[in-house]
Amino acid sequence: MVMTSDGSVAFRREPLIPSAVLGTLMFVFSEMMMFSGLISAVTIARASAPVWPPVADVPLPVAVTAFNTAVLLSSGLLLFFGARAYRTDRPTASRLLLMSMLTGAFFVCFQGYEWIQLLRQGLTLRSSLNGGFFYLIVGAHALHAVAGLSVLSVVYVHVRQARLRADFLAATQVFWYFVVALWPFLYVRVYL
């Protein structure tokens, strides 16, 4: 309830979804469309090729990337538990958020190391259709992961300074969960 300037009472309704969360959801849905297009393109290319991946291509590191996938999934779980702890136990929330950031950063760094190894072995954007799709799709995801880590670092600083807004945390969770949940689909489509 709010008192207006003429002395009457007006009711102000709180939005069902905070603006930050709604904006993030709209962005995530648009990004889902982009990744759906990329997954469709690689699926069509694979179905059209007589052999996939091309025989001369460098094999992708399926096993070590499966481990790295587990690391990223754990980052999402750590964020979930950190956000829940934020309501009641800020020091624990701070530790869990830091662990979420560190495991997410490990994922990104490990992906970078993987890229360096594959480039040294000759898999490039232009070496084959497989290489082009690999770097395009995995690279687009890596950019999203770096952006998510940047926002997670802001959340972490705000938690440490006791000035985190609930809507900012919720919007960050939406984006990071998108990054985390998207990766297993990309892993299966690109690596297997």
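One is the number of the first residue; the rest follow in order along the sequence.
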Report whether V188 and V42 are members of the same hydrophobic cluster (ILVMFWY, side-chain heavy atoms less than 4.5 Å apart, transitive linking).
yes
Picking from L164, T172, L169, what satisfies side chain to side chain contact (heavy atoms under 4.5 Å, CB included) with H158?
L164
To the nearest 0.5 angstrom, please state how far the OH atom of Y191 sits from the CG atom of N68.
8.0 Å
Hey, could you give me the OH/CG distance between Y177 and L77, rounded to the nearest 0.5 Å?
8.5 Å
Please round to the nearest 0.5 Å and tell me the distance separating atom CZ of F106 and atom CG of L72.
11.5 Å
Between CZ on residue F81 and OG on residue S74, distance to nearest 0.5 Å
11.5 Å
Please report the shortest heavy-atom distance between V71 and F107, naming the atom on each side.
CG1-N, 4.4 Å
Are the side chain of R160 and the backbone N or O of Y156 linked by a donor-acceptor pair below 3.5 Å?
no
Tell me the closest heavy-atom pair linking D167 and P18, and the distance in Å.
CB-CB, 3.7 Å
As an exercise, state the distance from CE of M101 to CG of L96, rounded to the nearest 0.5 Å.
12.5 Å
Taking every heavy atom of L192 against every heavy atom of V62, the minimum-distance pair comes out as CD2-CG1, 3.4 Å
Here's one to test your reading of the geometry: is the NZ or CZ of R189 within 45 degrees of the ring axis of Y187 and under 6.0 Å from its centre?
no
In this structure, would V108 and V64 fall into the same cluster of hydrophobic residues linked by side-chain contacts under 4.5 Å?
no
Within the structure provided, determine whether Q173 and T24 are in side-chain contact (heavy-atom separation under 4.5 Å).
no
V58 versus S127: any side-chain heavy-atom pair under 4.5 Å?
no
Scanning both residues in full, the closest heavy-atom pair of P184 with L73 reads CG-CD2, 4.0 Å
For the residue pair S75 and G104, what are the closest heavy atoms and their distance?
OG-N, 3.7 Å
Mind checking whether S100 and L152 have side chains closer than 4.5 Å, heavy atoms only?
yes
When hydrophobic residues are tied together by side-chain contacts of less than 4.5 Å, even through go-betweens, does F178 share a cluster with L143?
no
Atom CG of L16: over 12 foreign heavy atoms under 6.0 Å
no
If only atom types and distance count, is the side chain of Y135 paired as donor or acceptor with the main-chain N or O of R126 below 3.5 Å?
no
May I ask whether M99 and F110 are part of the same hydrophobic cluster, defined by side-chain heavy atoms of I, L, V, M, F, W, Y residues being less than 4.5 angstrom apart, directly or through others?
no
Could you please spell out the steps behind the side-chain contact (heavy atoms from CB on, under 4.5 Å) verdict for L102 and L98?
CA-CA 6 Å; L102 292 175; L98 178 61; 4.0 Å; yes
Between M34 and F185, is there a shared hydrophobic cluster once you connect ILVMFWY residues whose side-chain heavy atoms come closer than 4.5 Å?
no
Answer whether the closest heavy-atom distance between the side chains of F134 and W115 falls below 4.5 Å.
yes
So CG of L25 and CE of M32: to nearest 0.5 Å the spacing works out to 10.0 Å
Flag the pair L60 / T65 as yes when at least one side-chain heavy-atom distance between them is below 4.5 Å, and no otherwise.
no
Which atom pair, heavy atoms only, marks the closest approach of A45 to F133?
CB-CE1, 3.5 Å
Quick test of your reading: applying ring-ring contact (aromatic ring centres under 6.0 Å, His included), list the pairs with at least one residue in residues 34-77, sequence neighbours left out, ordered by first then second residue.
F35-H144
Quick one, V151 and W176 - any side-chain contact, counting heavy atoms below 4.5 Å?
no
Report yes if some heavy atom in the side chain of W183 is under 4.5 Å from a heavy atom in the side chain of L186; otherwise report no.
yes
Run the side chain to side chain donor-acceptor pair (under 3.5 Å) test on T92 and R95 for me, step by step, so that the C-alpha distance in whole Å, both residues' side-chain angles and the decisive distance to 0.1 Å come before the verdict.
CA-CA 5 Å; T92 299; R95 284 191 299 278; 3.1 Å; yes
